[in-house]
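Atom set for the values below is all heavy atoms of this structure, side chains included, hydrogens, waters and symmetry mates excluded.
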Amino acid sequence: MIVAQESINQYIPHRQPFIMIGSLVSVTAERFESEFFIEEDNVLVEDGCFTESGLLENIAQTCAASFGFLDREEVGEPKIGFIGAMTKVEVYELPPINSTIRTIVVPLHQLGNIYLVKGESFMEGRILLGCEMKIVVTQ
């Protein structure tokens with residue numbers, strides 16, 4: 001683990017109750033990986049499961065934290081990012097409360113400050129959701 005849950009807010013602009021990422025497990029320019037434990041009182045839990053919106057937000061926050069981590073290594077301050085678009089969203093399963101998800105994001109292309117990423121969330125080796133996102137990072 002490279003960024004623990006108690007330090008994650010140094011890399012993302014989100015604050016409780018809308019932090020949907022636990023820790024950064026690994027970050028390279030080619031691959032980001034995070035873990036997140038789903039608690040019962042999470043605002044994006046419905047009927048005992050983390051929602052599709054929660055999984056998508058987890059992928060976006062994995063991007064934000066990872067880009068923030070890389071920025072802090074290079075320029076000292078993380079930049080703010082925004083979701084520009086979501087495509088190819090496929091939902092396979094919703095994780096129940098009290099479970100841990102692992103999210104993997106792979107940056108596919110970059111054009112200036114716009115990144116196309118592929119994100120996937122997993123639980124116990126099973127894919128939960130996959131998508132592509134365009135992330136716009138402030139300059």
Side-chain angles (χ1 to χ4, degrees):
M1 173 178 3
I2 60 171
V3 176
Q5 182 170 356
E6 53 272 2
S7 301
I8 202 71
N9 64 355
Q10 296 175 26
Y11 299 92
I12 59 175
H14 307 80
R15 295 296 175 254
Q16 289 297 354
F18 211 74
I19 294 179
M20 302 296 152
I21 180 175
S23 60
L24 283 179
V25 176
S26 66
V27 176
T28 66
E30 297 80 31
R31 186 175 189 268
F32 314 150
E33 189 170 346
S34 71
E35 286 188 343
F36 182 57
F37 179 77
I38 301 158
E39 297 184 20
E40 184 175 1
D41 63 350
N42 185 293
V43 296
L44 295 179
V45 165
E46 286 181 9
D47 299 322
C49 290
F50 198 45
T51 62
E52 296 91 339
S53 297
L55 290 170
L56 290 165
E57 185 61 31
N58 171 262
I59 289 171
Q61 289 188 24
T62 297
C63 288
S66 298
F67 284 133
F69 179 82
L70 293 172
D71 285 344
R72 186 166 278 182
E73 296 290 305
E74 289 179 23
V75 295
E77 253 334 284
K79 298 175 185 166
I80 303 292
F82 304 93
I83 300 171
M86 287 185 225
T87 58
K88 301 182 182 178
V89 177
E90 294 188 49
V91 180
Y92 302 96
E93 182 180 347
L94 296 177
I97 57 172
N98 299 318
S99 61
T100 299
I101 60 172
R102 184 168 286 244
T103 300
I104 297 171
V105 175
V106 177
L108 301 174
H109 301 289
Q110 178 185 359
L111 179 60
N113 64 328
I114 302 171
Y115 295 83
L116 175 64
V117 301
K118 176 183 177 184
E120 295 178 314
S121 296
F122 300 88
M123 181 183 68
E124 299 172 353
R126 300 186 314 275
I127 188 165
L128 303 171
L129 180 141
C131 70
E132 287 186 0
M133 288 185 186
K134 287 183 186 168
I135 305 290
V136 180
V137 179
T138 59
Q139 296 187 4

Self-check item: Atom of Val27, atom of Ser66 and distance for their closest heavy-atom approach
Solution: CG2-OG, 3.7 Å
Quiz item: Does atom CE of Met86 have more than 12 heavy-atom neighbours, drawn from other residues, nucleotides or ligands, at distances under 6.0 Å?
Solution: yes
Practice problem: Return the minimal non-hydrogen interatomic distance between Pro17 and Val43, and the atom names on each side. | Solution: O-CG2, 3.6 Å
Quiz item: What pair of heavy atoms forms the shortest contact from Leu24 to Ile21, and how long is it?
Solution: CD2-CD1, 4.0 Å
Practice problem: Check whether any side-chain N or O of Asn113 sits under 3.5 Å from a backbone N or O of Val136 as a donor-acceptor pair, and report yes or no. | Solution: no
Exercise. Answer yes if the ring centres of Phe67 and Tyr11 are under 6.0 angstrom apart, and no otherwise.
Key: no
Quiz item: Does a sphere of radius 6.0 Å around CD in Glu46 hold more than 12 heavy atoms from other residues, nucleotides or ligands, not counting ones at 6.0 Å or beyond?
Solution: no
Quiz item: Any side-chain heavy-atom pair from Phe36 and Asn42 closer than 4.5 angstrom?
Solution: yes
Quiz item: Distance-only, no hydrogens or angles: does the Thr28 side chain make a donor-acceptor pair with backbone N or O of Glu30 under 3.5 Å?
Solution: yes
Quiz item: Counting distance only, does the side-chain N/O of Thr51 pair as donor-acceptor with the main-chain N or O of Leu44 below 3.5 Å?
Solution: yes
Exercise. Check Val105, Ile104, Thr103 against Ser34 for a side-chain contact (heavy atoms from CB on, under 4.5 Å) and give me the one that passes.
Key: Thr103
Exercise. Tell me, yes or no, whether the heavy-atom count around Leu108 atom CG, taken from other residues, nucleotides or ligands under 6.0 Å, exceeds 12.
Key: yes
Quiz item: Are Ile83 and Val91 in one and the same hydrophobic cluster, where Ile, Leu, Val, Met, Phe, Trp and Tyr link if side-chain heavy atoms are under 4.5 Å apart?
Solution: yes
Quiz prompt | Cluster check Phe50, Tyr92: I/L/V/M/F/W/Y, side chain < 4.5 angstrom | solution = no
Quiz prompt | Side chains of Glu120 and Leu129 in contact at under 4.5 Å (non-hydrogen atoms) | solution = no
Quiz item: Does one hydrophobic cluster hold both Val117 and Phe122, with members joined at side-chain heavy-atom distances below 4.5 Å?
Solution: no
Exercise. Give a yes or no on whether Asn98 atom CG has more than 12 heavy-atom contacts from other residues, nucleotides or ligands under 6.0 Å away.
Key: yes
Practice problem: Would you confirm whether Ser7, through its side chain, and Val3, through its main-chain N or O, come within 3.5 Å as a donor-acceptor pair? | Solution: no
Practice problem: Determine, step by step, whether Met1 and Val25 satisfy the side chain to side chain contact (heavy atoms under 4.5 Å, CB included) criterion, reporting the C-alpha distance in whole Å, the side-chain angles of both residues, the deciding distance to 0.1 Å, and the verdict. | Solution: CA-CA 4 Å; Met1 173 178 3; Val25 176; 5.6 Å; no
Quiz prompt | Atom pair NE2/OH of His109 and Tyr115 - distance to nearest 0.5 Å | solution = 14.0 Å
Quiz item: Would Glu33 and Arg31 count as a salt bridge (charged side-chain N to carboxylate O under 4.0 Å, His left out) if you check the C-alpha gap in whole Å, the side-chain angles of each, and the deciding distance to 0.1 Å?
Solution: CA-CA 7 Å; Glu33 189 170 346; Arg31 186 175 189 268; 2.7 Å; yes
Quiz item: Do you know the tightest heavy-atom contact between Ile8 and Ala65?
Solution: CD1-CB, 4.0 Å
Quiz item: So how far is it from Ser121 OG to Leu55 CG, rounded to the nearest 0.5 Å?
Solution: 5.0 Å
Exercise. Run the numbers on Leu70 and Phe32 for side chain to side chain contact (heavy atoms under 4.5 Å, CB included), then give the verdict.
Key: CA-CA 10 Å; Leu70 293 172; Phe32 314 150; 3.9 Å; yes
Quiz item: Would you say Phe82 and Ile135 make side-chain contact, with heavy atoms under 4.5 Å?
Solution: no
Self-check item: Test item: Arg15 side-chain N/O and Asn9 main-chain N/O as donor-acceptor pair under 3.5 Å
Solution: yes
Quiz item: Are there more than 12 heavy atoms of other residues, nucleotides or ligands under 6.0 Å from atom CD of Gln16?
Solution: yes
Quiz prompt | Minimum side-chain heavy-atom gap Glu93-Met123 below 4.5 Å | solution = yes
Self-check item: Least distance between heavy atoms, Cys131 atom then Leu56 atom
Solution: SG-CD2, 3.8 Å
Quiz item: At what distance, to the nearest 0.5 angstrom, does OG1 of Thr138 lie from CG of Asp71?
Solution: 8.0 Å
Exercise. Please report the closest heavy-atom contact between Ile101 and Leu128, naming both atoms and the distance.
Key: CG2-CD1, 3.5 Å
Quiz prompt | Note, Leu94 side chain near Glu52 side chain (heavy atom, < 4.5 Å) | solution = yes
Quiz item: Would you say Phe18 and Ile12 are hydrophobically clustered, going by side-chain heavy atoms of ILVMFWY under 4.5 Å?
Solution: yes
Quiz item: Any sub-3.5 Å donor-acceptor pair from Gln61's side-chain atoms to Cys63's backbone N or O?
Solution: no
Self-check item: Donor-acceptor contact below 3.5 Å, side chain Ser99 vs main chain Pro95
Solution: no
Quiz item: Which is it for Glu132 and Lys118 under the salt bridge (charged side-chain N to carboxylate O under 4.0 Å, His left out) test, yes or no, and what are the steps along the way?
Solution: CA-CA 4 Å; Glu132 287 186 0; Lys118 176 183 177 184; over 6 Å; no
